[in-house]
Amino acid sequence: MVEGVIELPEGELDLKLSMECGQTFVWNKWSGKPLYEDTSCRKFYKVHGEDLVLLWQEGTDLYYRGTMEEEEIYNLLNLDVSMEELEEELSRDEIIEEAFEDFRGLRILNDEFFPTLISYIISAQMQIPRIKRMVNRIAEKWGSTVAYENQEFNRFPTPEELAQASEEELRDLGMGYRASYVKETTEQVLDGEVDPSKVRDMSYPEAQEELKKLTGVGDKVADCVLLFSLGFHDSYPLDTWGKKVIGEVYPEFEDSRYWKVAEDMREYFGEYAGWAHEYLFHWGRENREIL
DNA sequence: CGCCAGGCCTTAC
DNA sequence: GTAAGGCATGGC
């Protein structure tokens with residue numbers, strides 16, 4: 001067992017906000033209730049590979065417990081990205097500065113590739129709490145368990161494990177037409193058609209094209225996987241909220257073509273455009289009445 | 001009942 | 001290359 005405390009600078013992390021802003025379907029509430037349906041619990045856990053990680057925050061102290069070493073926890077939260085430098089890097093206009101101030105400590109998480117890939121394939125035309133419920137059902141049905149302190153925790157299935165699921169069984173979970181996407185993409189990953197460790201080393205355009213070979217992965221899902229699991233901090237996923245925000249706040253960037261808007265936003269915000277996206281995404285959801 | 005949700009695939013120009 | 005239509009299911 002491993003446990004400890006990481007002391008962080010003021011404003012460096014808002015763990016609860018980072019977990020609950022809608023970016024992850026991999027983390028869970030320690031209370032056992034689903035993420036996005038329980039906002040009172042402040043402890044979060046996930047199974048990552050063979051490890052169990054439990055995190056909570058008190059003031060500027062980040063507490064961890066489980067089987068994962070501290071160095072790896074830094075990676076999970078992208079703690080090598082300094083918020084002070086990020087703020088300087090992203091300061092382009094009053095809107096992003098306001099969002100950065102209001103949501104100080106919101107960080108992009110670094111989740112595992114396969115769970116992120118499948119959960120964002122499922123996310124198409126679906127509401128966020130429902131996506132999380134679906135991902136949990138998949139973990140319960142096909143994921144193996146990891147034992148920790150006399151308890152067993154489900155983890156999201158590996159490609160090998162999920163390949164055991166038939167398309168019909170997936171459909172029975174309620175994922176509709178996405179069932180065939182999940183089935184086919186699982187086979188493609190299992191066959192090595194797309195190798196995440198190779199995608200990491202590609203340029204952004206190559207990496208996006210590579211992921212789009214997978215069934216059910218278009219521009220937006222590819223950008224999410226790149227940002228949330230493969231270290232592409234400049235990837236700018238253009239979702240329904242992002243489009244509304246752009247229409248309201250950055251009308252000069254409006255365009256019917258996905259790639260054009262995403263490219264403009266990457267150029268506008270630079271190296272950490274994906275982080276800017278997350279601030280604006282959350283800003284949009286918090287201010288939905290004016291969009 | 002109708003409308004929409006972290007879009008993607010197919011088909012037609 | 002770009003634009004339109006269909007698509008499963010659940011929540012409101």
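Per chain, numbering begins at 1; letters A, B, ... match sequence-line order.
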Before accepting this row, confirm whether a basic side-chain N of the pair A/Arg65/A/Glu149 lies closer than 4.0 Å to the acidic partner's carboxylate O.
-> yes
For this output row, return yes or no: ring centroids of A/Trp56 and A/Tyr63 closer than 6.0 angstrom.
-> yes
For A/Glu278, answer base if it contacts any base atom (sugar-phosphate contacts may also be present), sugar-phosphate if it contacts only those atoms, and nothing otherwise; contact means non-hydrogen atoms under 4.0 Å.
-> base
Could you check how far CE of A/Met134 sits from P of B/dG7, rounded to whole Å?
-> 14 Å
Taking atom P of C/dC7 as reference, at what distance in whole Å does atom CE of A/Met126 sit?
-> 17 Å
Would you kindly check whether a donor in the side chain of A/Arg178 faces an acceptor in the base of C/dT9, or vice versa, at under 3.5 angstrom?
-> no
Decide yes or no on side chain to side chain contact (heavy atoms under 4.5 Å, CB included) for A/Tyr236 and A/Glu263, but give the supporting numbers first.
-> CA-CA 8 Å; A/Tyr236 199 98; A/Glu263 188 173 285; over 6 Å; no
Considering only C/dG11, B/dG7, C/dT9, which nucleotide approaches the side chain of A/Arg130 most closely?
-> C/dT9
B/dA5 phosphate, OP1 or OP2: any side-chain N/O from A/Lys244 under 4.0 angstrom?
-> yes
Please determine, for the side chain of A/Tyr177, which listed nucleotide (C/dC7, B/dC9, B/dA5) has the closest atom?
-> C/dC7
What is the distance from NZ of A/Lys132 to C1' of C/dT9, rounded to the nearest Å?
-> 20 Å
Using a cut-off of strictly less than 4.0 Å, decide whether A/Arg133 has a side-chain nitrogen or oxygen near OP1 or OP2 of C/dG11.
-> yes
Without swapping roles, check the side chain of A/Glu112 against the backbone of A/Gly49 for a donor-acceptor pair under 3.5 Å.
-> yes
P atom, C/dA8 versus B/dT11: distance in rounded Å?
-> 14 Å
May I ask you to evaluate whether A/Thr240 reaches the phosphate of B/dG7, defined as a side-chain N or O under 4.0 Å from OP1 or OP2?
-> yes
Separation of B/dC8 C1' from A/Gln188 CD (nearest whole Å) = 14 Å
Length of the line joining A/Lys220:NZ and B/dC8:P, which is rounded to integer Å = 7 Å
Hey, are A/Lys243 and A/Asp239 close enough for a salt bridge, meaning a charged N less than 4.0 Å from a carboxylate O?
-> no
Would you classify A/His277 as touching base, sugar-phosphate or nothing, given that sugar-phosphate means primed atoms plus P, OP1 and OP2, and contacts are heavy atoms under 4.0 Å?
-> base
Quick one: is B/dA5 close enough that its OP1 or OP2 comes under 4.0 Å of any side-chain N or O from A/Trp241?
-> no
Looking at A/Arg257, does any N or O in its side chain come under 4.0 Å of the phosphate oxygens OP1/OP2 on C/dT2?
-> yes
Atom OH of A/Tyr181 and atom P of C/dG6: how far apart are they, to the nearest Å?
-> 15 Å
Closest to the A/Arg171 side chain, choosing from C/dC7, C/dA3, C/dT9 | C/dT9
Would you state whether a donor and an acceptor, one from the side chain of A/Tyr120 and one from the base of B/dG7, lie under 3.5 Å apart?
-> no
Send over the distance from A/Gln125 CD to B/dC9 C1', rounded to a whole Å.
-> 13 Å
Is the side chain of A/Arg107 donor-acceptor paired with the backbone N or O of A/Leu13 at a distance under 3.5 Å, no angle test?
-> no
Looking at every strand, decide which applies to A/Gly218 at a 4.0 Å heavy-atom threshold: base, sugar-phosphate, or nothing.
-> sugar-phosphate
Between C/dA8 (P) and A/Glu168 (CD): distance, integer Å = 14 Å
Taking only the side-chain nitrogens and oxygens of A/Ser123, find out if one of them lies under 4.0 Å from OP1 or OP2 of B/dA5.
-> no
Contacts of A/Gly176 and A/Asp255 projected onto DNA chain C by closest heavy atom; the upstream (5') one is A/Asp255
